[in-house]
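Just so you know, ligand 1 is whichever comes first in the structure, and atom 1 is the first atom listed for that ligand.
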Amino acid sequence: MFIKTQIADITFDNCLMNAAGVYCMTKEELEQIVASQAATFVTKTATLQSRPGNPEPRYRDVGLNSINSMGLPNLGLDYYLDLLTNDPHQEQRFLSISPMNADDTPTLFSKIKQHDFKGFVELNLSCPNIPGKAQIAYDFDQTQRILDQVFDLYQGKLGVKLPPYFDQAHFDQMASILNQYPLTFINSINSLGNGIMIDDLSMMIAPKQGFGGIGGPCIKPWALANVHAFYQRLKPEIQIIGTGGVTCGRDVFEHILCGASMVQVGTLLHQKGPQVFERLIQELKDEMATYGYQTLADFKGKVQYL
Ligand code: DHB
């Protein structure tokens with residue numbers, strides 16, 4: 001059975017990796033992903049300057065789900081570029097980045113070019129946790145302006161990390177914007193922004209008076225819907241990374257059935273550690289065997305309609 005997958009011209013041994021934010025802040029954490037069965041990694045979303053992030057507590061596991069308002073703590077773009085450009089597999093790696101304002105964008109990309117980074121850039125348009133800042137990809141005009149600016153500056157392999165959309169008209173509008181650009185991939189979905197979870201009489205996290213991004217199995221229906229909505233609408237050159245709600249191999253299988261080429265794991269990875277990839281891969285293979293599928297291409301995007 002073959003669970004290899006491909007994004008652009010790069011082949012991966014399997015379709016699993018971490019989601020940005022989990023096991024990816026430091027070199028030591030990323031080395032644990034490399035040592036695991038995951039095919040590759042994405043870095044913590046990097047900003048131009050390092051950031052301490054929001055006050056703690058800022059992440060809580062709540063049953064199988066999670067809430068976070070990290071506030072983009074990261075070691076700064078230079079740290080991740082140094083690490084990636086010394087990685088013998090840099091072509092397979094994903095660098096997540098986020099501009100903090102429009103002025104950052106040219107500098108971010110000129111640094112990426114200076115380092116001659118050959119991997120994938122995941123431009124994060126969906127962080128819900130910076131006090132006072134909206135999620136960029138909920139503003140269609142701003143998204144278009146950023147993509148115009150980015151593709152003027154950068155011709156490497158680039159994708160965007162999107163927030164969940166909840167309306168068919170928004171799928172249509174966002175897909176028609178994305179289809180105007182030579183994007184390599186999209187990643188759907190980021191956490192469901194601005195939920196609250198309560199413990200006794202209190203919010204579970206401190207920043208933003210308790211409002212944070214929700215991850216885990218409770219978001220899977222919207223993750224699958226966004227993956228499939230974009231699979232139906234995007235030009236075939238733009239591949240889809242499915243993220244959201246994976247707890248077992250069946251969930252990975254469903255992401256692929258909805259059209260994902262690669263699947264990322266966030267909350268579960270935080271809870272179980274990088275050894276969880278071994279179980280997910282075995283369960284994915286078991287699920288494929290049940291249906292007699294030999295490769296991911298046998299069922300990618302082939303969810304049936306009643
Ligand atoms: C953070 C959270 C996100 O969902 C994201 O996409 C980027 C950063 C954070 O709070 O650090």
inquiry  = Among all the protein's non-hydrogen atoms, which is closest to atom 4 (O) of ligand 1, and how far away is it?
reply    = Asn190 OD1, 2.7 Å
ask   = What's the shortest distance from atom 5 (C) of ligand 1 to any protein heavy atom, and which residue and atom give it?
value = Asn124 ND2, 3.3 Å
ask   = Taking all non-hydrogen atoms of both residues, which atom of Lys208 and which atom of Ser69 are closest, and how far apart?
value = CD-OG, 4.2 Å
key: Ligand-side contact atoms (ligand 1) for residue partner Ser191, heavy atom cut-off under 4.0 Å   = 4 (O)
key: Asn68 touching ligand 1 at heavy-atom level, < 4.0 angstrom   = yes
inquiry  = Consider side chain to side chain contact (heavy atoms under 4.5 Å, CB included). Of Leu16, Val252, Val22, Asp251, which one does Val265 pass it with?
reply    = Leu16
task = Considering only non-hydrogen protein atoms, determine which one is nearest to atom 3 (C) of ligand 1 and report residue, atom name and distance to 0.1 Å.
result = Pro128 CD, 3.6 Å
request  = Specify whether Phe94 and Phe120 have parallel, tilted or perpendicular ring planes, treating 30° as the upper limit for parallel and 60° as the lower limit for perpendicular.
outcome  = parallel
Protein contact of atom 2 (C) of ligand 1 - nearest heavy atom, named by residue and atom, plus distance = Asn129 ND2, 3.4 Å
key: Residue pair Leu72 / Cys127: nearest heavy atoms and the distance that separates them   = CG-SG, 4.2 Å
note = Quick note on ligand 1: atoms under 4.0 Å from a heavy atom of Lys44 include exactly 1 (C), 8 (C), 9 (C), 11 (O)
query = Between Tyr23 and Phe41, does the ring centroid distance fall short of 6.0 Å?
reply = no
note = Nearest heavy-atom approach of Phe230 to Ile240 is C-CD1, 3.7 Å
query = Thinking salt bridges, do Glu91 and Lys118 make one under a 4.0 Å N-O criterion?
reply = no
query = How far is atom 9 (C) of ligand 1 from its nearest protein heavy atom, and which residue and atom is that?
reply = Leu72 N, 3.2 Å
query = Does ligand 1 have an atom under 4.0 Å from some heavy atom of Gly71?
reply = yes
message = Give the atom numbers and elements of ligand 1 that come within less than 4.0 Å of a heavy atom of Pro73.
response = 11 (O)
query = About how many Å separate CE of Met288 and CG of Leu296, when rounded to the nearest 0.5 Å?
reply = 5.0 Å
ask   = At what distance is the nearest protein heavy atom to atom 8 (C) of ligand 1, and which residue and atom is it?
value = Cys127 SG, 3.4 Å
